[in-house]
Amino acid sequence: MRYDSDKHHRRSVRLAHYDYRQEGVYFVTICAYQQACLFGQIQDMIMHLNKYGQIASACWDDISKHFPHVECDVFVVMPNHIHGILVIVNDSITKPNTMTDDTENHNVATGRGLP
């Protein structure tokens, strides 16, 4: 969909002239269409993924298989959106994994999460 100033009134939070393909750590939020709760539900403060939430989680885990220069850090699947951190690294430089120990920092539904 192309930007239409008559329909789209949100101000972009992207930095002007910044190349988002370059190395860096990026916080990503992906929202479900029309904010529908497609990925599961929260019961007793615990996120329970449905099959679509499980697919979203599996796709996150597969990002590095498709894009070797991208490392997936922590993420969490919520009922109508996903938050995560992606690290874009230079292919020629080996960098340590930024992921923390899962025993200290985890999400019950995904095995990972934000602190």
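Predicted model only: the values in this text are computed from it and were never measured.
Of the inter-residue distances, the one linking Gln43 atom CD with His48 atom NE2 reads 5.0 Å to the nearest 0.5 angstrom. Expressed to the nearest 0.5 Å, how far CD1 of Ile55 lies from CG of Leu38 amounts to 11.0 Å.
In plain terms, the two heavy atoms of Leu49 and Ser57 that are nearest each other are CD1-CB, 4.3 Å. Residue Ile85 comes nearest to Phe27 through the heavy atom pair CG1-CD1, 4.0 Å, listed as atom of the first residue, atom of the second, then distance. Between Pro79 and Gly40, the shortest heavy-atom contact is CB-O, 3.5 Å. Closest heavy-atom contact between Met47 and Met78: CE-C, 3.6 Å. Across all non-hydrogen atoms, the minimal contact from Cys72 to Ser64 is N-OG, 3.7 Å.
In this structure, Arg21 and Ile88 have side chains that are not in contact, with every pair of non-hydrogen atoms separated by 4.5 Å or more. Contact check for Leu86 versus Trp60: side-chain heavy atoms found under the 4.5 Å cut-off. Residues Cys31 and Asn80 have side chains not in contact (no heavy-atom distance under 4.5 Å, counting atoms from C-beta outward). Between Val28 and Ile30, the closest side-chain pair of non-hydrogen atoms falls below 4.5 Å. Contact check for Val77 versus Gln54: no side-chain heavy atoms found under the 4.5 Å cut-off.
Panel note: side chain Tyr20, backbone Leu15; a donor-acceptor pair is recorded below 3.5 Å. With Asp73 contributing its side chain and Gly84 its backbone, the two residues share no donor-acceptor pair below 3.5 Å. Using modelled atom types, one side-chain atom of Asn50 and one backbone atom of Gly53 make a donor-acceptor pair closer than 3.5 Å. Between the side chain of Asp44 and the backbone N or O of Ile46, no donor-acceptor pair lies under 3.5 Å.
When the shell of 6.0 Å around CD of Gln22 is examined, it contains more than 12 heavy atoms from other residues, nucleotides or ligands. The environment of Tyr52 atom OH is sparse: at most 12 non-hydrogen atoms of other residues, nucleotides or ligands sit within 6.0 angstrom. Atom OH of Tyr18 is surrounded by more than 12 heavy atoms from other residues, nucleotides or ligands within 6.0 Å.
Ring centers of Phe75 and His83: at least 6.0 Å apart, outside the cut-off.
Using modelled atom types and a 3.5 Å distance limit, the side chains of Thr29 and His81 yield no donor-acceptor pair.
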